[in-house]
Structures are given as structure tokens and as C-alpha cells.
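Have a look at the structure below before the remarks.
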2 protein chains.
Amino acid sequence: MKNQLAKKEMPASELLALATYRISKVHSKLNAQAAYILRKEAGLNLVQWRILAWLNAFGPKVPSSDIINKVNMDKGLFSRSLKTLVSEEFIVADADDLDQRRQLLSLSDKGNEIYGQVITIMRKRQKHLLHDVTDTEKAALFSALEKLELNAERRDF
Amino acid sequence: MKNQLAKKEMPASELLALATYRISKVHSKLNAQAAYILRKEAGLNLVQWRILAWLNAFGPKVPSSDIINKVNMDKGLFSRSLKTLVSEEFIVADADDLDQRRQLLSLSDKGNEIYGQVITIMRKRQKHLLHDVTDTEKAALFSALEKLELNAERRDF
DNA sequence: TCAGTTTTCTTGACGGGTCAACCAACTTAT
DNA sequence: ATAAGTTGGTTGACCCGTCAAGAAAACTGA
């Protein structure tokens, strides 16, 4: 009986050591940092920035679905954020003659410009974030994250 | 000029490789998994569960501020979630004679029971999450996460 | 004693993020 | 040709998470 109870107690140290807890803390701090930089440097929020970056990566004249499917982004969130990006003219949306449902998205000149400004800072940030992480740590980090991601997809275990 | 332009382009592969992006994806999948389990097994949401777990860890008769300060939890979020946990009688809140502002929180019997049920599953989950992560990977993961967390706190770099 | 400050907790407001319903356009199979 | 199903995109609803304002109680120092 004593043992059964003991099994259920969890000291604070154990909680603090949980991978899930650590990741969630890191995630929120990374988010806060990125949001701060984007707001200060470009008046963008995280979602808007991500869309600009993916659009730059996937080239011009891309339909929303391409980005949504390749990236892990919610359709609704994308749709709403896109609307403001188009209205602020960071992105131009051309009709697709082959499929009337779609719009082909491209960065505007203005969008390209701000992307260029921000990506420079973001590269510096990435460097800073990892500057004291060794190569072996980096490799292990990525491999561990990959495993975690896969294991997080299962609902039965 | 060509070089300057080249510097600004970012292929999808580079984006996908960003530590920030990977962590955010892992984080969202971990969240979804935990939310699923908690909803199915106990009808709890993540915040409620975290409060129960911390309360179990920090012992009975704890004021809210103790948890809020030790953990990184928003006061407002805590306050709102606590209200429902108390109204559903997972937690009992006793008056503190020494400080009329505070309430001393403890898990109720019902709260303890559900905590016991859930923690068993959560331990199994943690095991599953890390089952194929080697010890060296684990060590590197934690060390890298710690560095990232620190580096994410700086606003100038 | 009592004005000023600090601490504890609540509340409001708002953006981020997920889920599901839905519509319109397109595709497939018969 | 057309019914059935799929895909692309929008919208509404809702929870999570953060921030800031503020009420109430407690503390501090003249």
C-alpha cells in the first residue's frame, strides 16, 4: 500500500525534468523572442512572418494549399493572416486560370524588401541561439526531436 | 549584387532545419497528444492537469502564489483555471488566517484520485516518448534545450 | 496612525492556435 | 451528363497564453 502511494507522488524535481515541460518552456521563450524582434523590426507577428518566409522559400505564384500542406499550418489561421498581408500589400494574389478556387501568391516588392530586412536579423538570431551548442549536441538535439515528434503522434502506447 | 541577393534567399530545406521550427512542431504535437489523453482519460485540459500536478508536488495547503512563482505560469490563467477546478471539487481552497488575501490550496480526495489515475498514464507516456532516445541523446537534448532557453532570453545580439 | 508601497489575486482584452462546419470549384466514375 | 466525392479556402467558435489594470489585504516607515 505504501508503495502504491509512493508511485503516485511526483516531486517538483521530477516535474521540472520532464522533456515535455522543458520543451514547452523553451518554445514559449523562443516565441516571445521572435515576436519581440518582429514587432520591433517590421511590425509583423509570427504568423505573418512565417508566411512571408515560406512564400519566399517556395517561390512565386504558389497557391495557399501548397504552403499549408508542406508546412504544418492551420488553414484557418493561414487564411486570416493572408488577408491582412494582402491588404497591406506584402503579398499579391493572382487568379489561377486553371483553378478558380485558387489564388497564386507571390511576395510583392514591398514584401520582398521587408523579408530581406528581417531574414538578416533572423539569421543572426539563429546563430546566437545556437552559438554555444556544440555540433554533437546539435546533432543529438535534432535526432531526439525527430524521435519525440514521431512518438508524440501515437495515441496508443 | 548577385551575392547580396543570394544571401537573402532561403530554401525550404533550410527553413525546415531551423531549430526554432523543429521545436515549435514538436511542441504542438506533444500538446495535442497530452490534450487528447487528458480529455479522454479525465476530462481535463492541459492547464488544469498542470495545476493538479504542481499542487501534488508542492504539497497541501499551498497558496497560489507559491505555484505561480516557482512554475512559469501566468497569474490570470492560473486564477481562471483554479476557479473551475475548485468548482468541480478537485481542489479545496481554505482561508489563510494569517493572510486574508490568500487561499491555501490542496487536492481534494477526488483530486487525488484523478491525479493518481492520470499520473500513471502520463508516466507511461513519458516512457513511450523517450523510449528510443538514447542516453547520450537525452543528455544532449537537455543541455541544448537549456542553452537555447538562456539564449532565447536575450533581446540584443 | 496613516500615507505609500508591495503582494496576492481577479478581471478584461486580445492575439495565437485548433477544430469543425461550410461553400464553391474541381475531379471521377458511371 | 451528372451524381458523388474531393479539394481549396473562408468563417465561426472556442481554448490557450500573455499583458496590463486594478481591488483588497498586508507591510513599511515616518
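Just so we're on the same page: letters track the sequence lines, and every chain starts at 1.
Nucleic acid contact for Asp74(B): base, since at least one base atom lies under 4.0 Å from a heavy atom of the residue.
Here dG17(D) is the nucleotide among dT11(D), dG17(D), dT10(C) with the atom lying nearest to any side-chain atom of Leu77(B). For Lys75(B), the side-chain atoms get nearest to dC9(C) when compared with the rest of dT8(C), dT10(C), dC9(C). Across dT18(D), dA25(D), dT18(C), the shortest atom-to-atom separation from the side chain of Asp99(B) is found for dA25(D). Residue Arg50(A) has its side chain nearest to dG17(C) when only dG17(C), dC9(C), dC15(D) are considered.
One can place CH2 of Trp49(A) at 16 Å from P of dG16(C), the figure rounded to the nearest angstrom. Rounded to whole angstrom, the span from the CZ atom of Phe78(B) across to the P atom of dG17(D) amounts to 14 Å. One can place CD1 of Ile67(A) at 10 Å from P of dG9(D), the figure rounded to the nearest angstrom. Between the P atom of dG8(D) and the CD1 atom of Ile68(A) lies a distance of 9 Å, rounded to the nearest Å. Protein atom NE2 of His27(A) is 10 Å distant from nucleotide atom P of dT18(D), rounded to whole Å. For the pair Leu82(B) CG and dT10(C) P, the interatomic distance rounds to 7 Å; values are reported in whole Å. A straight line from CZ of Arg102(A) to P of dT6(D) spans 18 Å, rounded to a whole angstrom. Across the protein-nucleic acid pair, Asp97(A) atom CG and dA25(C) atom P stand 15 Å apart, rounded to whole Å.
Map Gly76(B) and Asp66(A) each onto its nearest nucleotide of DNA chain D; the residue landing nearer the 5' end is Asp66(A). Taking the nucleotide of DNA chain C with the nearest heavy atom to each of Lys83(B) and Val47(A), the more 5' of the two is matched to Lys83(B). Of the residues near DNA chain C, Asp96(A) and Asn69(B), the one whose nearest nucleotide (by heavy atom distance) lies more toward the 5' end is Asn69(B).
Phosphate proximity of dC15(D) to Asn31(B): absent, as no side-chain N or O sits under 4.0 Å from OP1 or OP2. Under 4.0 angstrom from either OP1 or OP2 of dG9(D) there lies at least one side-chain N or O belonging to Ser65(A).
Between Met73(A) and Ile51(A), the closest side-chain pair of non-hydrogen atoms falls below 4.5 Å. The shortest side-chain heavy-atom distance between Ile23(B) and Leu30(A) falls under the 4.5 Å cut-off.
With no hydrogens or angles considered, a side-chain donor-acceptor pair links Thr20(B) and Gln126(A) at under 3.5 Å. Counting only N and O atoms by type, the side chains of Gln33(B) and Arg125(B) include a donor and acceptor under 3.5 Å apart. Using modelled atom types, one finds a donor on one side chain and an acceptor on the other under 3.5 Å when comparing Glu137(B) with Ser143(A).
Salt-bridge check for Glu149(A) with Lys29(B): passed, with a basic side-chain N closer than 4.0 Å to an acidic carboxylate O.
The heavy-atom pair separating Ser106(B) from Lys61(B) by the smallest distance is OG-N, 2.9 Å.
For Arg101(A) against dT7(D), a side-chain-to-base donor-acceptor contact under 3.5 Å is present. A donor and an acceptor atom never sit less than 3.5 Å apart when one is taken from the side chain of Arg80(A) and the other from the base of dG15(C).
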Next on the checklist: One pair to check against side chain to side chain contact (heavy atoms under 4.5 Å, CB included): Ile91(A) and Leu82(A). What are the steps and the verdict?
Outcome noted: CA-CA 8 Å; Ile91(A) 290 179; Leu82(A) 179 64; 3.9 Å; yes

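Summary of helix geometry: the two end axes of the helix from dT1(C)-dA30(D) to dT30(C)-dA1(D), each defined by five base pairs via their C1' atoms, are inclined to each other by 10° (rounded to 10°).
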